[in-house]
**Q** 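Right, I'll just put the structure down here and ask away after.
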Amino acid sequence: MDQKGYRRESFQSSTSDEDMLEIAGASLDFPMADDDPPLDREMGGFSSYNGGEMNGTSKMMDFLEEPLPGVGTYEDFNTIDWVREKSRDRDRHREITSRSKESTWALIHSVSDAFSGWLLMLFIGLLAGSLAGLIDISAHWMTDLKEGVCLAGFWFNHEHCCWKSNTTFTDRDKCPEWKSWSQLIIGHGEGAFAYILNYLMYVIWALLFSLLAVLLVKGFAPYACGSGIPEIKTILSGFIIRGYLGKWTLIIKTITLVLAVSSGLSLGKEGPLVHVACCCGNILCHLFTKYRKNEAKRREVLSAAAAAGVSVAFGAPIGGVLFSLEEVSYYFPLKTLWRSFFAALVAAFTLRSINPFGNSRLVLFYVEFHMPWHLLELVPFVLLGIFGGLWGAFFIRSNIAWCRRRKTTKLGKYPVLEVFVVTAITAILAFPNEYTRMSTSELISELFNDCGILDSSKLCEYVNDFNSTKGDDLPDRAAGPGVYTAMWQLALALIMKVFITIFTFGMKVPSGLFIPSMAVGAIAGRLLGVAMEQLAFYHHDWVIFSGWCSQGADCITPGLYAMVGAAACLGGVTRMTVSLVVIMFELTGGLEYIVPLMAAAMTSKWMADAIGREGIYDAHIRLNGYPFLEAKEEFSHKTLAMDVMRPRRNDPPLTVITQDSMTVEDVETIINETTYSGYPVVVSRESQRLVGFVLRRDLIISIENARKKQDGIVSTSIIYFTDHSPPLPPSFPSMLKLRSILDLSPFTVTDQTPMEIVVDIFRKLGLRQCLVTHNGKLLGIITKKDVLKHIAQLANQDPDSILFN
C-alpha cells in the first residue's frame, strides 16, 4: 500500500529479536509510544528545521489552495479516519459531476471514473485466477516430485504422465512412463531397500521445499508467512501495515505457497490465496487515482479481492462473496457486494479456463452424491458438529498457547530450525501411511468419494454381490479387508493431523488452515460413515433402520459424512456459518445436502462458542495486539466516557494548541515533547472552547513546507487557524495560516455519554479519536486504543497487550 508522501519501512533495519514485533510470524521495527504511535518518526526530532529563515516566495500561503504532498495521508501502523476519507471522496465525486456538464471531455472523464471500479474488479479477477491456476498446477507437480518423476517429460505430474498410457483402469497409477526414485536409481521398486530409498527421497524433497520457503520468506518478505487473514481483517478495519499487501509480498507468497504445500506440511493454500488476491487488489489500485489516493475506497476494493481469493481457493464464487461479508470485511456497502460478486465471477471463470486439475472442475475434490439422506441421519450429523466444535476449541487454545510460547521464548529466534524440525517429523510420520503421504487435497477428495464399481481404493474394497446391484447405485455391502485396513490407517492419520497442525499453523511459511481442518473432519466423518453403513448392513432389521433401509438398498453414503465432518471442523475453527455452508454445497454440487451441512455448522459453532468465544483469526488478532474493534461483540458494561478519557485524575493537563496565539517554536516544542497523533485546537487555554482537531503529521509537513516556500516564517512567527489573522504590531514576523489542515468538525461526546454508545460510534463510524466536552468546554480525548484497552481491562485481560506492546 505504497503511496506518495509515505515513508517506507526497511525490513532489514533491525537485527535484535528483542526489539522486534512479531506479526503472525513476520518481524518489524516498532518503537513503544506512550499514546498513539507517532505519525512520523524521522521528523519527530525536528532536527531539520529548528531555526533560521528559508528563502521562498513572499506571498501568504493557504495550503487549501495549494495541497501539499503528504498532507491528509497516514503513517505506518496508524488507523485511517473513515469519516474524513468518505467525506473527501464525496467532495471529489461532486466536483467531477459538476464539471461533467461543462465539456465533452469532462463528461468522458466522469463516465470513466464511474466505470473504473468495474474495470479494476476485472483486472483483479483475471490476475487472482491466473495466479491460483499457476499455484495449483505447480503444487500438484511438486507434490508428486517427492515420489518420482515422469520420463515422458519431467514437467508432468503423476496423473498427467499416465494419461496416454495403455495400462488398465485398475493399474492406472502404475504406468511405465512414471518412475519412482528407487526405480530410477537402483532399477526396481520392490523390496526393503527400494522402500527405504523412496522414504529417504520423500523426506529430502520435503525438507528442501520447506527450507527454501522459509529462507525466501525470511530474506525477502517477512509478511509473506502465515495465513494472512487476521492481518487482512485488521487492514480492512482501517489499520495501515505498509508492505503487507505489496509487490514483494505477492511474489514471495506465491512462490513459497507452492513450496510449503508441496513439502507435505499440514497446511493449505486457501487462506494464503485470500492474501494473494488482496495483494493483487492493492497493487492494481495504483492504476486508478480515486483508489490510490483514498484509503477507505481502497478497502472496498480489498473486500472484493478477498471474495475473489476464496472464489479461486474453493471454486465457490458465491461462497467467496459471503465469506468476505461474514468473516473479513469491516465496511461492506451494497456497491461493494456487487463488485465482489463480479470479481469472484471473473476469478472463477479465469481459473476454469486454465483448468488446473484437468477435470473441468475448479477444485480437486468436487464430488456428486446421488442418494438422498434420511431424517434419522441428522443424529450422526449433529454428533459430527459436536466433534467439530470440540476440535475447533481444542485447536485454537493449543495453537494460541504454542504461538504465545514462540513469541515469548527463544523459540521465535530460530524460525528456520523450527520449520526444519516440524517438516522432518511430518515427513517421517507421513510416508508409511498412504493417507498422510498423499497431498491433503487428494486425501479429502478420496474421503469425499462415493464408491463406484471401478474404484480401486482401499476405502472401496467391499465384498461384492453383483446380483443385488440395481443400476448405477451399489447397495450397502459388507466391508472387506481393504476397508478395515483403511479404517485403522485413517484413525492414525486423524491423530497425526490433529496434533501436527497445532505446531504447523503460525510458522514462518505461508500456511492456511482451511484444508487441514477439513481433512480432520473428513477423516472423522468417513470413519463414522463407514461405521453407520456397516451397522445398517448387519442390523437392517433394527427399529432405527427398518423403516427406510431394507436389505440390498443403498442407504448410507460415507462420503456425505466426510463432507459434513469437514464442514463441522472448519466451522469449529473459523466460526463461519452461512458462507461455510454455501462454500461446501458449491464444492459438492448438491443442494439437497444443505440441511445436514447447516445442522453440523450450527452445532459446531454452538459447541465451540460454549468453550471459547473467539475463532482462530480473532484469537491471532488479539495475540498480536492488533487494534481491531470486533463489530460482533456486545459491550454491556455501565461505564461513562469520563471513566475512559485522558487525561485522568492526577495526569498532566491535556496537550492543546490555541487557535491564534502560539508561535512556530511553541508548536514544534509540543510535537518534540509528545508522541500523540494529533492535537485539539482551542480558542485559548483559559476558555478551553473547542475549535477543531489537527493531525501531527499534517502540522509537521505544513510547517516544514512553509519554512521552505514562505518568506519570513521564523520560530517566532504566529500560527493561526482562523479565517482572519489576529491583530499584531507591524514589527512582528510573517504569520502562518494553517486553517486548511484543521478538522473543523471533530467528533465530540459529553463526559456523561455511556461507553456503550461511544464503542458503537467507534465501530460504526470507524473513528480514530473522539473529543470529550462538558458544557462546551474541552475535557479530554478518547482514542481507539483507549477503547480497546478499556474493553481488555473489563474482560480481565492485560490492557498493555493492545497495539503491539
Side-chain angles (χ1 to χ4, degrees), residues 32-39 78-84 238 627 629 635 637-662 666-667 669-699 719 721 741-795 799-800 802-803 805:
M32 299 304 169
D34 51 322
D35 259 311
D36 288 348
L39 273 165
N78 267 246
T79 304
I80 70 167
D81 189 330
W82 284 91
V83 176
R84 184 171 75 161
L629 203 51
F635 184 89
H637 302 278
K638 292 185 176 179
T639 49
L640 301 174
M642 63 186 298
D643 303 324
V644 181
M645 73 173 194
R646 284 171 299 134
R648 308 268 166 83
R649 198 175 281 116
N650 303 324
D651 281 356
L654 185 67
T655 305
V656 295
I657 294 173
T658 56
Q659 68 173 1
D660 57 7
S661 60
M662 293 181 73
D666 295 335
V667 173
T669 303
I670 286 175
I671 295 172
N672 273 326
E673 291 176 354
T674 62
T675 53
Y676 306 133
S677 292
Y679 307 94
V681 176
V682 294
V683 174
S684 66
R685 291 187 189 279
E686 294 75 34
S687 75
Q688 289 290 308
R689 298 283 178 187
L690 183 64
V691 176
F693 191 83
V694 65
L695 292 177
R696 172 197 181 94
R697 178 180 173 84
D698 292 354
L699 269 177
I719 291 178
F721 296 92
I741 64 169
L742 180 67
D743 178 7
L744 289 165
S745 54
F747 211 94
T748 59
V749 295
T750 68
D751 55 336
Q752 295 300 309
T753 307
M755 273 307 292
E756 190 177 2
I757 294 174
V758 175
V759 170
D760 253 6
I761 290 167
F762 269 89
R763 279 179 183 152
K764 290 172 181 172
L765 292 181
L767 298 183
R768 301 176 83 195
Q769 71 279 317
C770 175
L771 300 172
V772 183
T773 61
H774 176 75
N775 292 340
K777 289 187 178 181
L778 180 66
L779 272 191
I781 186 170
I782 300 174
T783 64
K784 190 174 182 181
K785 182 179 173 183
D786 295 326
V787 173
L788 288 161
K789 277 189 167 187
H790 184 63
I791 291 171
Q793 219 163 4
L794 293 172
D800 291 327
I802 304 299
L803 275 183
N805 286 343

**Q** Let me see the working for Y676 and I781 under side-chain contact (heavy atoms from CB on, under 4.5 Å), right down to the final yes or no.
**A** CA-CA 11 Å; Y676 306 133; I781 186 170; over 6 Å; no
**Q** I need the W82 CH2 to L767 CG distance, nearest 0.5 Å.
**A** 12.0 Å
**Q** Donor-acceptor pairs under 3.5 angstrom involving side-chain atoms of residues 651-658: please list them, not counting sequence neighbours.
**A**
unit_1: D651; atom_1: OD2; unit_2: R648; atom_2: N; d: 3.0
unit_1: T658; atom_1: OG1; unit_2: S661; atom_2: OG; d: 2.7

**Q** Taking atom CG of D743 and atom CD of Q769, what is their separation to the nearest 0.5 Å?
**A**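 Spacing of CG (D743) from CD (Q769) equals 8.0 Å.
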**Q** Nearest 0.5 Å, please: how far is OG1 in T748 from CD1 in I782?
**A** 11.0 Å
**Q** Using every non-hydrogen atom in the two residues, find where S687 and V683 come nearest and quote the distance to one decimal.
**A** OG-CB, 3.7 Å
**Q** If you measure from the Lys or Arg side-chain nitrogens to the Asp or Glu carboxylate oxygens, is any gap between D698 and R84 under 4.0 Å?
**A** yes
**Q** So how far is it from L765 CG to C770 SG, rounded to the nearest 0.5 Å?
**A**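 Reported value, rounded in 0.5 Å steps: 9.5 Å.
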**Q** Can I get a per-line list of side-chain donor-acceptor pairs under 3.5 Å for residues 751-759, giving both atom names and the distance, sequence neighbours left out?
**A**
unit_1: D751; atom_1: OD1; unit_2: H774; atom_2: ND1; d: 3.4
unit_1: D751; atom_1: OD2; unit_2: H774; atom_2: ND1; d: 3.3
unit_1: T753; atom_1: OG1; unit_2: T750; atom_2: N; d: 3.2
unit_1: T753; atom_1: OG1; unit_2: T750; atom_2: O; d: 2.9
unit_1: T753; atom_1: OG1; unit_2: T750; atom_2: OG1; d: 3.2

**Q** Would you sort out whether K785 and T79 count as a side-chain contact (heavy atoms from CB on, under 4.5 Å), showing the intermediate values?
**A** CA-CA 10 Å; K785 182 179 173 183; T79 304; over 6 Å; no
**Q** Check whether T783 reaches the backbone of D786 with its side chain - one donor and one acceptor, N or O, closer than 3.5 Å.
**A** yes
**Q** Can you give me the closest heavy-atom contact between I719 and V667, atom names plus distance?
**A** CD1-CG2, 3.8 Å
**Q** Hey, mind stepping through L699 and I741 against side-chain contact (heavy atoms from CB on, under 4.5 Å) and telling me if it holds?
**A** CA-CA 8 Å; L699 269 177; I741 64 169; 4.1 Å; yes
**Q** Is the backbone N or O of R685 less than 3.5 Å from a side-chain atom of Q688, with the two atoms forming a donor-acceptor pair by type?
**A** yes
**Q** How close do T674 and R696 get, heavy atom to heavy atom, and via which atoms?
**A**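 What the structure gives for the nearest pair is O-NH1, 2.9 Å.
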**Q** Quick one, V83 with F747, criterion side-chain contact (heavy atoms from CB on, under 4.5 Å). Give me CA distance, side-chain angles, the key distance, then yes/no.
**A** CA-CA 10 Å; V83 176; F747 211 94; 5.9 Å; no
**Q** Decide whether D666 and T669 meet the rule of one side-chain donor and one side-chain acceptor closer than 3.5 Å.
**A**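 There is no such pair (donor and acceptor under 3.5 Å, judged by atom type) between the side chains of D666 and T669.
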**Q** At what distance, to the nearest 0.5 angstrom, does OG of S684 lie from CZ of R689?
**A**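 Answer for the OG-CZ pair, S684 versus R689, is 10.0 Å.
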**Q** Whether the side chain of K784 engages the backbone of P627 through a donor-acceptor N/O pair (distance < 3.5 Å, no angle test) should be reported.
**A**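 Looks like yes, one N/O pair under 3.5 Å.
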**Q** Identify the two heavy atoms, one from F693 and one from P746, that lie closest to each other, and give their separation to 0.1 Å.
**A**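 Closest approach of F693 to P746: CB-CB, 4.0 Å.
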**Q** Report yes or no: does R768 contribute a side-chain atom to a donor-acceptor pair with the main-chain N or O of N78 at less than 3.5 Å?
**A**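 No; zero donor-acceptor contacts below 3.5 Å.
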**Q** When rounded to the nearest 0.5 angstrom, what is the spacing between OH in Y679 and CG in L695?
**A** 10.5 Å
